[in-house]
Amino acid sequence: QVQLLESGGGLVQAGGSLRLSCAASGRTFSVSGMGWFRQAPGKEREFVSAIRYSGGSVYYADSVKGRFTISRDNAKNTVYLQMNSLKPEDTAVYYCAAGKTGWGLTRAAPYDYWGQGTQVTVSS
């Protein structure tokens, strides 16, 4: 099993920045990729960003490309999501996910483990 703990959410004004962290523990050697998803009230969960461990490929949703950056600290088993130029439409609960496969990381199905989520609220 892998446990994921997100942190870094909060309230920020439009145009501001936040950095989310996702610390993994447990059988982290089984993880091949990690991602961030978000779910706004009344909407379905959507892909935000992902990173494949092998090769370091990164992926972004079009809505966050150029504003968000995903990165990884191997020594800390932690993945970060730096969010800049935040917009009110970025308001959502952000979930970290870890997958044993490094493929299909832009979809929720390949992920095996999920965090509890952290709230991000962007005021206008």
Side-chain angles (χ1 to χ4, degrees):
Q1 293 291 326
V2 174
Q3 295 77 42
L4 302 174
L5 182 62
E6 303 108 329
S7 61
L11 173 64
V12 65
Q13 289 188 333
S17 299
L18 283 174
R19 188 177 80 156
L20 304 183
S21 300
C22 176
S25 60
R27 299 173 65 88
T28 57
F29 59 85
S30 68
V31 174
S32 295
M34 291 186 70
W36 288 95
F37 289 74
R38 67 187 181 186
Q39 187 166 19
K43 295 187 177 181
E44 293 186 352
R45 189 171 299 189
E46 65 174 2
F47 168 75
V48 176
S49 182
I51 184 167
R52 177 182 296 140
Y53 284 8
S54 176
S57 297
V58 296
Y59 308 90
Y60 297 98
D62 288 342
S63 59
V64 306
K65 203 170 292 183
R67 301 188 297 123
F68 291 11
T69 302
I70 192 170
S71 62
R72 176 190 173 205
D73 185 327
N74 295 346
K76 296 181 179 180
N77 287 318
T78 299
V79 171
Y80 303 97
L81 185 68
Q82 178 67 43
M83 306 186 295
N84 298 329
S85 302
L86 283 162
K87 305 175 181 180
E89 50 264 43
D90 294 318
T91 295
V93 177
Y94 283 69
Y95 297 91
C96 173
K100 292 184 282 188
T101 176
W103 302 100
L105 296 177
T106 61
R107 297 180 293 111
Y111 290 92
D112 301 282
Y113 309 102
W114 291 83
Q116 294 296 311
T118 184
Q119 177 71 46
V120 171
T121 303
V122 184
S123 63
S124 57

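Everything quoted here is computed from the prediction, not taken from an experiment.
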Requested in this report: Dump the intermediate steps for side-chain contact (heavy atoms from CB on, under 4.5 Å) on V64 and R38, then the final yes or no.
Outcome: CA-CA 12 Å; V64 306; R38 67 187 181 186; 4.0 Å; yes

Query raised in the report: Taking it one step at a time, do Q82 and N84 satisfy side-chain contact (heavy atoms from CB on, under 4.5 Å)?
Result: CA-CA 7 Å; Q82 178 67 43; N84 298 329; 2.9 Å; yes

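Here the CG-OG1 distance, from N77 to T28, works out to 4.0 Å after rounding to the nearest 0.5 Å. L20 CG to C96 SG: the interatomic distance, rounded to the nearest 0.5 Å, is 9.5 Å. Between S17 atom OG and R67 atom CZ the span is 10.0 Å, to the nearest 0.5 Å. Note that OG of S57 and CD1 of I51 are 8.5 Å apart. Values are rounded to the nearest 0.5 Å.
Within the 4.5 Å cutoff, side-chain heavy atoms of L81 are placed close to those of S49.
Dense packing is recorded around NZ of K65, with more than 12 heavy atoms of other residues, nucleotides or ligands lying under 6.0 Å away.
The two residues W36 and E6 come nearest to each other via the heavy atoms CZ3-CG, 3.9 Å. Across A14 and S124, no two heavy atoms sit closer than the pair CB-CA, 4.4 Å. Annotation for S21 and T78: closest pair CB-CG2, 4.3 Å, computed over non-hydrogen atoms. Closest approach of L4 to A98, counting heavy atoms only: CD1-N, 3.7 Å. The minimum heavy-atom distance between Q119 and V93, with the atom names listed, is OE1-CG2, 3.2 Å. The minimum heavy-atom distance linking A92 with A40 is given by the pair CB-N, 3.8 Å.
Each of Y60 and F47 belongs to its own hydrophobic cluster when Ile, Leu, Val, Met, Phe, Trp and Tyr are linked at side-chain heavy-atom distances under 4.5 angstrom. Hydrophobic clustering keeps M83 apart from Y95 (ILVMFWY residues linked when any side-chain heavy atoms are closer than 4.5 Å, directly or through intermediates). Each of F68 and F37 belongs to its own hydrophobic cluster when Ile, Leu, Val, Met, Phe, Trp and Tyr are linked at side-chain heavy-atom distances under 4.5 angstrom. Hydrophobic cluster membership is shared by M34 and V58, with clusters built from Ile, Leu, Val, Met, Phe, Trp and Tyr side chains linked at under 4.5 angstrom.
A salt bridge is defined here as a Lys NZ or Arg NE, NH1 or NH2 lying under 4.0 Å from an Asp or Glu carboxylate O, and D90 with K87 fails to meet this definition.
Judged by distance alone, with hydrogens and angles left aside, the side-chain atoms of S85 form no donor-acceptor pair with the main-chain N or O of G15 at under 3.5 Å. A side-chain donor-acceptor contact under 3.5 Å links R52 to the backbone of G102.
Cation-pi geometry between R19 and Y80 is met: under 6.0 angstrom from the ring centre, within 45 degrees of the axis.
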Please set out all donor-acceptor pairs under 3.5 angstrom arising from side-chain atoms of residues 108-115, sequence neighbours excluded.
{"residue": "Y111", "atom": "OH", "partner": "L105", "partner atom": "O", "Å": "2.6"}
{"residue": "D112", "atom": "OD2", "partner": "K100", "partner atom": "N", "Å": "2.8"}

